[in-house]
There are 2 protein chains.
Amino acid sequence: MGLLNERKKNILESIIKDYVETAEPVGSRAVVRRHDLKISAATVRNEMADLEEMGYLEQPHASAGRIPSEMGFRYYVDCMMERESLTDEEIEILQKILMSNIHEWDDFAVKIGEFIAQVTNYVSFIIVPSAKLTEFKYLQIIPLKEGKAVMLLVTDTGLIMHRKFEIPELIKVRDLERISKVFNRVFQDKQLKEIRRSDLQILRDDLKYRKKLIEKVLEVIDSVCEDSGSEKVVISGMLNILNEPEFKDLEKLKRVLTLLKEDALLKNIIPEEIEEDVSIKIGRENKIEDIKEMSLVLAEYRTSGETGKLGVMGPIRMEYWKAAGTVESVRSIIEDIWRIF
Amino acid sequence: MGLLNERKKNILESIIKDYVETAEPVGSRAVVRRHDLKISAATVRNEMADLEEMGYLEQPHASAGRIPSEMGFRYYVDCMMERESLTDEEIEILQKILMSNIHEWDDFAVKIGEFIAQVTNYVSFIIVPSAKLTEFKYLQIIPLKEGKAVMLLVTDTGLIMHRKFEIPELIKVRDLERISKVFNRVFQDKQLKEIRRSDLQILRDDLKYRKKLIEKVLEVIDSVCEDSGSEKVVISGMLNILNEPEFKDLEKLKRVLTLLKEDALLKNIIPEEIEEDVSIKIGRENKIEDIKEMSLVLAEYRTSGETGKLGVMGPIRMEYWKAAGTVESVRSIIEDIWRIF
DNA sequence: ATTAGCACTCAATGAAAGAGAGTGCTAACA
DNA sequence: TGTTAGCACTCTCTTTCATTGAGTGCTAAT
């Protein structure tokens, strides 16, 4: 891995830091000045020519400075980079956010996403896993007026699903209560996804006389489970990419923003598998055509059985050190919160 | 009102239509060609000079065509415009959307907002009113594991609020049931906002032995009401403004998008009062500095007691006829849906 | 191996010229 | 008196061309 000698590494790093900051090609003079090495610009030029031949740098045109290639960034990320964690101030900001009035897990995701977007200045996203595997805890059917009722379904983790539906026949409150009771007795502490498979005979026997209503209730359970069964994607800081000079081109901007707006499309761009603790995808390493000019920094978090993802998206010219450090820190924070929650 | 003679009106309309379509100043030749009147370009030029003097047109520079002034648009909107309702295809699209699996009122708002954005190509927003005034219907406290419980609160309209909270002491399931029962008996069919004011004596007498728990429950009711008590704003089609040539300027774009991103800011731009059935605010008629280059088309909808708003935001060079027609149609559709819902 | 020096390259900048669209005015016409 | 054709004039937009300057690659000296 460490194919490059110390000097080449220094030069590569210097160019990367400069380029990330300014978005301009970096010349040999700039390298010596910034890094004040005791070597001359001419020497740097020679090394830069080498680095270009090796593929780590490239030249927009003959008389410009160099910019790091994707391969150059890759080398830096793999062999040289140190992650830069959250600063104390940032942690303090986060603390405040977490202390505020948040009651739903989803709201946490939103807040944390905003936090990531704020500290990195990139687009953040958090995938909240589906809640398929929790246990059935409680069911209640509550009559409203005008032949309508609402069905509540509570799982042991405190997830609450509900749905309004029409009561198919004239039914007394006592009946609804009775049905609720039976459901509760039969399904108490069962896995939710087992419910439909499990033997419905008991119900049939017990409630034969209200067959239609039971069908309806099962249908509603079905639909409610389906809804909560899909993972959610939370995006924040989409407008941050407006600040990146590479998006002065309106067409490019539109392409990327459109991609981010469509949940369906968005899920595609996030790779299924995350190899390392923090996985970095640079430019064309991404499979989707429209983000071949962007980079992703992602991690996976685990919450009692389910796994979700979080990460940021920015230009290839990205502060990978900050992004990776932030994503890593927040990952563990999410896992902590989940434990308490 | 009808200050302008027929010919001037025709010319004004022609210029508006052309300018809205092309975003370019309109010349005298273009007017005759498009509108094929039997008058010559020179005549039109004279009329245009008049219209400019009257303030209905303006000239970006001496040798360019004319563009309608805000006053010109205002005149057109007030005295000449006919609203253009949804087409049959559009209504069909909407039908499909409304038939799909939607269970929550909020989801409807989102879908309808997307629809408006789609047919107008502007930014749409819908303000969903708070649900303060509904009646308490049902309360249930459901124990989960580890000293936690979830409180459910159902209103007669089927609105369901819930909150997880920690049970302050070791409490048996029976106790929770008992407390729920008492709450239900006492508050059945009361206005939600009366609950805290109403005489809590009954509770105290009945449940003296669980004072701490009751305090907690009241606190949760409080917090849950507060949450649902604020109106929500749903925005769609934000990216549509990327297509408007007036936003080729990145800075302007950023200002407006930022405004739209911040819910808090967004509420400010929507005027409190809506004078007519469909109210149109053109450019500087808007109070907020940042949208002085935009126009709003708004309406109010009524749903059993509460009123919400909906509308679109576009450039001053806007298809007011389409926007107004759409907003008007959708307003009545919303009111219909609400009735069924 | 490193460095100074220098010719060369190429994008970016800005001035100048030309094209094109549209106006305003004048004079003729109905 | 209202309308129209004609024409000079204005102003932007585009193209062209020269200039500038940053930065390189190469060569020769250290």
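FYI, side chains are in, hydrogens and waters are out, and symmetry mates aren't considered; it's all heavy atoms of this structure. Here the structure is a predicted model, which means the values were calculated and not measured. Numbered from 1 within each chain, the chains take letters A, B, ... in sequence-line order.
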Check: Any salt bridge between A:K281 and A:E275, counting N to O under 4.0 Å?
Finding: yes
Notebook entry, point to check: Is any NZ, NE, NH1 or NH2 atom of the basic residue among A:E13 and A:K9 found under 4.0 Å from an Asp or Glu carboxylate oxygen of the other?
Noted result: no
Please state how far atom [atom1] in [X] lies from atom [atom2] in [N], giving the value in whole angstrom units.
{"X": "A:R7", "N": "C:dT3", "atom1": "CZ", "atom2": "C1'", "answer": "11 Å"}
{"X": "B:L57", "N": "C:dG22", "atom1": "CG", "atom2": "P", "answer": "15 Å"}
{"X": "B:M48", "N": "C:dA21", "atom1": "CE", "atom2": "P", "answer": "16 Å"}

Which atom pairs link the protein and nucleotides 26-28 of chain C when you take only N or O atoms and keep those under 3.5 Å?
none

Give the minimum heavy-atom separation between [X] and [Y], together with the two atoms involved.
{"X": "A:P68", "Y": "A:L57", "answer": "CA-CD2, 3.8 Å"}
{"X": "B:A117", "Y": "B:G237", "answer": "CB-CA, 3.7 Å"}
{"X": "B:L12", "Y": "B:L51", "answer": "N-CD1, 4.4 Å"}

Is it true that a side-chain atom of [X] and a backbone atom of [Y] form a donor plus acceptor pair closer than 3.5 Å?
{"X": "B:Q59", "Y": "B:A62", "answer": "yes"}
{"X": "B:E246", "Y": "B:P315", "answer": "no"}
{"X": "A:E244", "Y": "A:I241", "answer": "no"}

Counting only heavy atoms from other residues, nucleotides and ligands, does the tally under 6.0 Å from [atom1] of [X] exceed 12?
{"X": "B:R34", "atom1": "CZ", "result": "yes"}
{"X": "B:K287", "atom1": "NZ", "result": "no"}
{"X": "A:R29", "atom1": "CZ", "result": "no"}

Would you tabulate the nitrogen or oxygen pairs shorter than 3.5 Å linking the protein to nucleotides 9-13 of chain C?
from	atom 1	to	atom 2	distance (Å)
C:dT9	O2	A:S63	OG	3.1
C:dC10	O4'	A:S63	OG	3.2
C:dC10	O2	A:S63	OG	3.2

Checklist line | side-chain contact (heavy atoms from CB on, under 4.5 Å) against B:R7, all qualifying residues, sequence neighbours excluded | finding: B:N5, B:I11, B:I39, B:T43, B:E47
Item checked: Contacts of type ring-ring contact (aromatic ring centres under 6.0 Å, His included), residue B:Y320, not counting sequence neighbours -> B:F73
Next item on the list: Under 4.0 Å from any heavy atom of chain B: name the first and the last nucleotide of DNA chain D that qualifies, 5' to 3'.
Entry: D:dT3 to D:dT12
Notebook entry, point to check: Hey, can you pull the residues of residues 38-47 of chain B with a non-hydrogen atom under 4.0 angstrom from DNA chain C?
Noted result: B:R45
